[in-house]
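In what follows, a structure is listed as structure tokens, so that the remarks can point back to it.
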Amino acid sequence: MEYIKLVGILIILLGFIFKIDTIAVVILAGLATALVSGLSLFEFLTLLGEAFVSNRLVTLFFLTLPMIGLSERSGLRQQATRLIEGIKGLTTGRFLSLYMFIRELAGFFSIRIQGHTQFVRPLIEPMAQASAESKFGEEDEGTQEKIKARSAAMENLGNFFAQNTFVAASGVLLIAGTLKSLGYDVSAVNIAQASLPIAFIALIIVIVSNILFDKKLRGNSKTTSGKEGEK
Amino acid sequence: MEAFNNNFLEFFFILTGLLMAHTGVNVLLDPKHPTRLQTAVFWFLLAATFSIGRFIPPFVSGVMVVGMGILTLFNQVKIGPINQVSEEKAEERSKRLGNKIFIPVVSLASIAIIIAQFTPLGGQVGIGVAAVLSVLIAMFITKSDGKVALHEGDRMVRQVGTVGILPQLLAALGVIFTAAGVGDVIAGMISTVVPEGNQLIGVIAYVLGMVVFTMIMGNAFAAFTVITAGIGVPFVIAQGADPVIAGTLAMTAGYCGTLMTPMAANFNALPVALLEMKNPNGVIKEQLPYALLMIIVHIALMYFWAF
């Protein structure tokens, strides 16, 4: 029964789905896997301790926290907000593309932000709506909903596809740590560099899609005003 | 140089441990903390694995990790009362500093890359050096002393909290999976459907494996450990792919899964609530075409670039 070794994966799946404490689930998954594979409890604890200590690199980003904290305290977010507020007169699509670019840049420079709460809700989404309104008048509910979804999507896309371009991102360190455990000695810097093309491609796709979105907004406003003309 | 670098890196691990222990002391001395003792023990255990982990028997570290797991399982590790950043004060300070406030964060990334590229110290030590230098730069620019920096460090450590060690723990789980032969079992299962030796099919299996596992778990980090051992190594890297490129692309392929799953509530459900959207899956629906397109991009890029 080789398949019994997959019990750890099953435990992780169930644990994540039922939202049981993640750290405990991961340790339990390791324990179960070790025991069904014939390791003793002592061997498991030794292996776990050894593996945890040899992967400390993955958590090295803790060392950057005092600097991030100091910057936050001194208005990092407020200054970023001020810069974005200064952007005026762009179309909705261009504004969203610019936010995507800023978000990717923040990832590259390791500026950790909780984008949805700190930027999208208070700043990006209202500015995107306002830009559509100022050009085409009050938008219908469907379009408003679409701009909301788009603003949130920009945040996720920019965050996900650019975060690994920073050398000490936890994703990068996890890739390095995992590959090292599997016998491939790779450097975090090379991983960060290899992450650049995806960040770039994602940005291009978003820009193209936003250009199309602007076109659609213009088209919408023409048909609405056309209908009004018929009345 | 190798030995020197390892010792230098060890120094940064000890430093990281001291930062964690500092939070432990602060929690212990805080009479208003709801789970004072338990939370302090968590941070001390973690600090010990960092500062002295290399010098004590691995078995002891293992017991300490299990101890941390027991504390988090029973929800005994809490942030406690921390001084949040005052919005007005931050506003006031940012007006005075202007764009200078970006210098420390920019210097962190720049110094790390410069050290990695132009010195024999390497990327890992580079991160440590950059972290220490950038906090000094931040202290200088914001005119704060070490006490303030430590205080802010403590606030951030508590905010990051227990989930901060999850990536490291997942990497450790990968080691256990490998030792137990989990990867071999998955590889055996996959090889009944996927012919070994076909690079393109291997790449597709690796990318889609990451996407699907991330969608089910809602977490690309956990998927990465499992899928890389089970599919990535035998079907892609062992076939001659560059491990750096394959691994890097596999991780972002997992993020494509995150874009499409309601399991990733932080990213897909939170904005629905914040933006008061009508459709609970509105954000996922919007992201779906991007995710599908990016999956194809990942497959193509891994196939043509990694080999």
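In the text below, chain A, chain B and the rest are named by the order of the sequence lines, each starting its count at 1.
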Using non-hydrogen atoms only, which part of [X] is less than 4.5 Å away from chain B: side chain, backbone, both, or neither?
X        : value
A:Glu43  : neither
A:Asn164 : side chain
A:Phe42  : both
A:Leu28  : neither
A:Gln163 : side chain
A:Ala192 : neither
A:Thr81  : neither
A:Leu6   : side chain
A:Phe166 : side chain
A:Val36  : neither
A:Ile12  : side chain

Are [X] and [Y] close enough that some pair of their side-chain heavy atoms sits under 4.5 Å apart?
X        : Y        : result
B:Pro271 : A:Val120 : no
B:Ile165 : A:Val58  : no
A:Lys146 : B:Glu286 : yes
A:Ser37  : B:Phe177 : no
A:Val53  : B:Phe13  : no
B:Val244 : A:Tyr184 : no
B:Ile127 : A:Leu173 : yes
A:Met67  : B:Leu108 : yes

Most heavy-atom pairs under 4.5 angstrom with chain A, which of [options]?
options                              : answer
B:Glu92, B:Met263, B:His298          : B:His298
B:Ile70, B:Ile56, B:Asp154, B:Val157 : B:Val157
B:Val163, B:Thr142, B:Leu169         : B:Leu169
B:Lys89, B:Met139, B:Lys95, B:Met64  : B:Lys95
B:Gln159, B:Lys285, B:Gln124         : B:Gln124
B:Val148, B:Val185, B:Ile113, B:Leu9 : B:Val185

task = Return the orientation label for the A:Phe160 and B:Tyr255 ring planes: parallel under 30°, perpendicular over 60°, tilted otherwise.
result = tilted
key: Residue that, paired with B:Phe221, satisfies side chain to side chain contact (heavy atoms under 4.5 Å, CB included) out of A:Ile175, A:Leu174, A:Thr178   = A:Leu174
Test item: side-chain donor near acceptor, A:Glu145 and B:Asn279, under 3.5 Å = no
message = Regarding A:Arg82 and B:Ser94, do their side chains bring together a donor and an acceptor under 3.5 Å, going by distance alone?
response = yes
What is the minimum heavy-atom distance between [X] and [Y], and which atoms define it?
X        : Y        : answer
A:Leu179 : B:Gly247 : CD1-CA, 4.5 Å
A:Gly30  : B:Ile176 : O-CG2, 3.7 Å
A:Ala202 : B:Met294 : CB-CE, 3.8 Å
B:Met156 : A:Leu65  : CG-O, 3.5 Å
B:Ser144 : A:Leu70  : OG-CD2, 3.6 Å
B:Ala172 : A:Phe52  : CB-N, 3.9 Å

With no hydrogens and no angle check, is any side-chain donor or acceptor of [X] less than 3.5 Å from a backbone partner on [Y]?
X        : Y        : answer
A:Arg73  : B:Glu152 : no
A:Asn55  : B:Gln168 : no
A:Arg56  : B:Phe50  : yes
A:Arg121 : B:Leu274 : yes
A:Lys148 : B:Leu275 : yes

request  = Begin from the C-alpha positions of A:Asn159 and B:Phe267 and carry the test side-chain contact (heavy atoms from CB on, under 4.5 Å) through to its verdict.
outcome  = CA-CA 10 Å; A:Asn159 176 16; B:Phe267 302 109; 3.8 Å; yes
key: Enclosure of B:Phe55 CZ (heavy-atom neighbours >12, cutoff 6.0 Å)   = yes
Between [atom1] on residue [X] and [atom2] on residue [Y], distance to nearest 0.5 Å:
X        : Y        : atom1 : atom2 : value
B:Asn99  : A:Leu83  : CG    : CG    : 5.0 Å
B:Met277 : A:Ile147 : CE    : CD1   : 11.5 Å
A:Ser74  : B:Ile101 : OG    : CD1   : 4.5 Å
A:Thr22  : B:Leu166 : OG1   : CG    : 5.5 Å
A:Leu60  : B:Thr16  : CG    : OG1   : 5.0 Å
A:Ser71  : B:Arg93  : OG    : CZ    : 12.0 Å

message = Could you check whether B:Glu87 pairs with A:Arg77 (Lys NZ or Arg NE/NH1/NH2 to Asp/Glu carboxylate O, under 4.0 Å)?
response = yes
key: Trace of the side-chain contact (heavy atoms from CB on, under 4.5 Å) decision for A:Gln193 with B:Gln117   = CA-CA 12 Å; A:Gln193 283 166 347; B:Gln117 298 290 16; 2.6 Å; yes
For chain B, find which of [options] contributes the most heavy-atom pairs closer than 4.5 angstrom.
options                               : result
A:Asn190, A:Thr59, A:Ile201           : A:Thr59
A:Val167, A:Val189, A:Leu157, A:Leu31 : A:Leu157
A:Thr33, A:Ile27, A:Val186, A:Asn156  : A:Asn156

inquiry  = Set out, in order, the CA-CA distance, both residues' side-chain angles and the distance that settles side-chain contact (heavy atoms from CB on, under 4.5 Å) for A:Tyr3 and B:Met189, then state yes or no.
reply    = CA-CA 9 Å; A:Tyr3 291 142; B:Met189 280 167 68; 3.3 Å; yes
request  = Determine, stepwise, if the pair B:Leu170 / A:Val26 fulfils side-chain contact (heavy atoms from CB on, under 4.5 Å).
outcome  = CA-CA 7 Å; B:Leu170 286 167; A:Val26 172; 3.8 Å; yes
